[in-house]
Chemist: 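Please see the structure below; I have some questions.
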Amino acid sequence: MLPQLPEVIPLNVGGMGFTTRLSTLLRYEDTMLAAMFSGRHYIPTDAEGRYFIDRDGTYFGDILNFLRCGDLPPQERLKMVYKEAQYYSIGPLLDSLDKMQPLTGEKVRQAFLDLMPYYKDHLERIIEIGKHRAIQRKARFAKLKVCVFKEEMPITPYECPQFNTLRFERSESESKHFEHHCEVDVSFGPWEAVADVYDLLHCIVTDLSERGITVDHQCIGVCDKHLINHYYCKRPIYEFKITWW
């Protein structure tokens with residue numbers, strides 16, 4: 001037989017102490033906390049008799065505040081509280097946080113990046129190439145060439161895109177003449193969206209910065225590969241400079 005839980009619950013969350021009512025932990029029945037304190041499961045206690053949860057307790061106060069009275073965390077804590085809400089499976093808190101910035105913006109941004117399923121792999125490739133070149137040259141920084149292009153094929157005065165699309169009216173055999181790989185380290189594109197090249201560059205630099213990587217970039221020209229007749233590639237080429245220390 002499991003002992004009956006008291007009305008007031010002392011908690012030890014990763015070494016941080018909290019006290020709350022049992023009814024607070026049971027507020028939403030489909031959560032991990034409600035399951036833990038339902039009386040159906042054994043919960044370990046520490047030397048002081050507090051119920052122990054093996055999780056960083058830094059943001060657990062924000063979790064309790066929501067369960068108590070629906071309070072939401074300040075914006076600077078929102079992302080980390082969201083991760084904790086995922087861990088404890090608190091659906092109503094996740095729904096509320098999803099409607100707040102920066103999480104709403106993250107979802108819009110991710111909808112754009114989902115157009116490029118290779119995005120994360122290419123981001124890792126930038127890091128690996130930059131690290132390898134810096135180590136190989138015993139250098140503080142490394143430079144890479146990155147092609148970022150939105151349109152699948154070059155636009156010339158002799159052709160126009162179809163209405164509301166980036167696709168072009170070319171036969172399959174004609175299209176093959178325009179298939180090539182620019183002489184760069186990594187390429188991103190094409191995609192169909194309102195977001196442009198500068199938006200994707202912002203995503204790349206932001207994601208690298210969140211990994212603690214210092215990166216500068218500048219356009220150094222375009223790919224001048226001749227394709228056929230009067231057609232040239234003209235995809236923009238960017239130089240990425242990664243500084244390692």
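If you read the sequence from its start, that first residue is 1, and numbering goes on from there.
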Chemist: If hydrophobic clusters are built by linking Ile, Leu, Val, Met, Phe, Trp and Tyr wherever their side-chain heavy atoms come under 4.5 Å apart, do L25 and M36 end up in the same one?
Modeler: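 As far as the 4.5 Å side-chain criterion goes, M36 and L25 are connected within one cluster.
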Chemist: How about V205 and H217: do any of their side-chain heavy atoms sit closer than 4.5 Å?
Modeler: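 In short, these two side chains touch, coming nearer than 4.5 Å.
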Chemist: Apply the test salt bridge (charged side-chain N to carboxylate O under 4.0 Å, His left out) to residues K83 and D56: give CA-CA distance (whole Å), side-chain angles for both, the deciding distance (0.1 Å), then the verdict.
Modeler: CA-CA 11 Å; K83 290 183 179 180; D56 187 349; over 6 Å; no
Chemist: Between R125 and E128, does any side-chain N to carboxylate O distance fall below 4.0 Å?
Modeler: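 No, no charged N to carboxylate O under 4.0 Å.
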Chemist: Report the distance from atom CH2 of W191 to atom CG of D114, rounding to the nearest 0.5 Å.
Modeler: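 Going from the CH2 atom of W191 to the CG atom of D114 covers 14.5 Å.
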Chemist: Hydrophobic clusters here meaning ILVMFWY residues chained together by side-chain heavy-atom distances under 4.5 Å, can you tell me if Y42 and L33 are in one?
Modeler: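 Y42 does not cluster with L33.
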Chemist: Can you confirm whether Q101 is buried at CD, in the sense that more than 12 heavy atoms of other residues, nucleotides or ligands lie under 6.0 Å from that atom?
Modeler: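 Yes - once you tally the heavy atoms of other residues, nucleotides and ligands closer than 6.0 Å, there are more than 12.
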Chemist: Taking the side chain from R109 and the backbone from C203, do they hold a donor-acceptor pair closer than 3.5 Å?
Modeler: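 It does hold such a pair.
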Chemist: Kindly indicate whether the side chain of L93, heavy atoms from C-beta on, has any atom under 4.5 Å from the side chain of D62.
Modeler: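 When only atoms from C-beta onward are counted, D62 and L93 do not touch, as no gap falls below 4.5 Å.
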Chemist: What distance do M116 atom CE and L123 atom CG have between them, rounded to the nearest 0.5 Å?
Modeler: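 These two atoms lie 11.5 Å from each other.
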Chemist: Do Q75 and M100 have side-chain heavy atoms sitting under 4.5 Å apart?
Modeler: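 No. Closest side-chain heavy atoms not under 4.5 Å.
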Chemist: Does K241 reach the main-chain N or O of T214 with its side chain, forming a donor-acceptor pair under 3.5 Å?
Modeler: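 Such a contact is absent between K241 side chain and T214 backbone.
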Chemist: Quick check on D54: does its CG atom have over 12 non-hydrogen neighbours (other residues, nucleotides or ligands) under 6.0 Å away?
Modeler: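 Not buried by this count: 12 neighbours or fewer within 6.0 Å.
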Chemist: Do the non-hydrogen side-chain atoms of L67 and T20 ever get within less than 4.5 Å of each other?
Modeler: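 No, side chains not in contact.
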Chemist: Tell me whether I127 is reachable from W245 by hopping between hydrophobic residues (I, L, V, M, F, W, Y) whose side-chain heavy atoms are closer than 4.5 Å.
Modeler: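 Yes: a chain of side-chain contacts under 4.5 Å links W245 to I127.
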Chemist: Verify the neighbour count for atom CZ of R21: are there more than 12 heavy atoms of other residues, nucleotides or ligands below 6.0 Å?
Modeler: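 12 or below, so no.
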Chemist: How long is the straight-line distance from CD of Q136 back to NZ of K131, given to the nearest 0.5 Å?
Modeler: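 Between K131 NZ and Q136 CD, I get 13.5 Å after rounding to 0.5 Å.
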Chemist: Taking D98's backbone N and O only, do any of them form a donor-acceptor pair with T104's side chain (distance below 3.5 Å, no angle check)?
Modeler: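 It does hold such a pair.
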Chemist: Side-chain contact, heavy-atom cut-off 4.5 Å: Y88 with L94?
Modeler: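 No, every pair of side-chain atoms sits at 4.5 Å or beyond.
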Chemist: When you look at R211 and E124, which way does the salt bridge (charged side-chain N to carboxylate O under 4.0 Å, His left out) test go after all the steps?
Modeler: CA-CA 11 Å; R211 300 274 293 270; E124 292 297 328; 2.7 Å; yes
Chemist: When you group the ILVMFWY residues by side-chain heavy-atom contacts below 4.5 Å and let the links chain together, are Y51 and I53 in the same group?
Modeler: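 Looking at the clustering, Y51 is in the same group as I53.
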Chemist: Using the rule given for side-chain contact (heavy atoms from CB on, under 4.5 Å), can you reason through F37 versus L11, listing the C-alpha separation, both sets of side-chain angles and the distance that settles it, and then say yes or no?
Modeler: CA-CA 11 Å; F37 291 91; L11 296 167; 3.5 Å; yes
Chemist: Does a side-chain heavy-atom distance below 4.5 Å link C182 with F149?
Modeler: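 No - every pair of side-chain heavy atoms lies 4.5 Å or more apart.
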Chemist: Mark yes or no for whether R133, through its side chain, and K143, through its backbone, hold a donor-acceptor pair below 3.5 Å.
Modeler: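 Yes; at least one donor-acceptor contact below 3.5 Å.
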Chemist: Taking atom CD of E7 as the centre, does the number of heavy atoms from other residues, nucleotides or ligands within less than 6.0 Å exceed 12?
Modeler: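 Open.
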Chemist: Can you find a heavy atom in the side chain of L78 that is under 4.5 Å from one in the side chain of P102?
Modeler: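 Result yes, sub-4.5 Å side-chain heavy-atom pair found.
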Chemist: In Å and rounded to the nearest 0.5 Å, what is the CG to CG distance from L5 to L22?
Modeler: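 One gets 6.0 Å once the value is rounded to the nearest 0.5 Å.
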Chemist: May I ask you to decide if the ring planes of F188 and Y118 are parallel, tilted or perpendicular, using 30° and 60° as cut-offs?
Modeler: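 Tilted: the ring planes of F188 and Y118 meet at 30° to 60°.
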Chemist: Is the closest side-chain heavy-atom distance between I242 and I126 below 4.5 Å?
Modeler: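 They are in side-chain contact.
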Chemist: Has the side chain of W244 got a donor or acceptor atom that lies under 3.5 Å from a matching backbone atom of G130?
Modeler: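 Judged by distance alone, yes, a pair lies under 3.5 Å.
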Chemist: I204, I220: one ILVMFWY side-chain cluster at the under-4.5 Å cut-off?
Modeler: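 Looking at the clustering, I220 is in a separate group from I204.
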Chemist: Among V184, I237, V197, D199, exactly one meets side chain to side chain contact (heavy atoms under 4.5 Å, CB included) together with V148. Which residue is that?
Modeler: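 That would be V197.
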Chemist: Which distance, rounded to the nearest 0.5 Å, do you find between the OG of S23 and the CD1 of I9?
Modeler: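 The distance works out to 9.5 Å.
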Chemist: Identify whether the distance between the nearest side-chain nitrogen and carboxylate oxygen of K145 and E183 falls below 4.0 Å.
Modeler: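 So K145 does not pair with E183 through a salt bridge.
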Chemist: Output the distance between atom CG (N65) and atom CZ (F60), rounded to the nearest 0.5 Å.
Modeler: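 Interatomic distance, N65 CG to F60 CZ, rounded to 0.5 Å: 10.5 Å.
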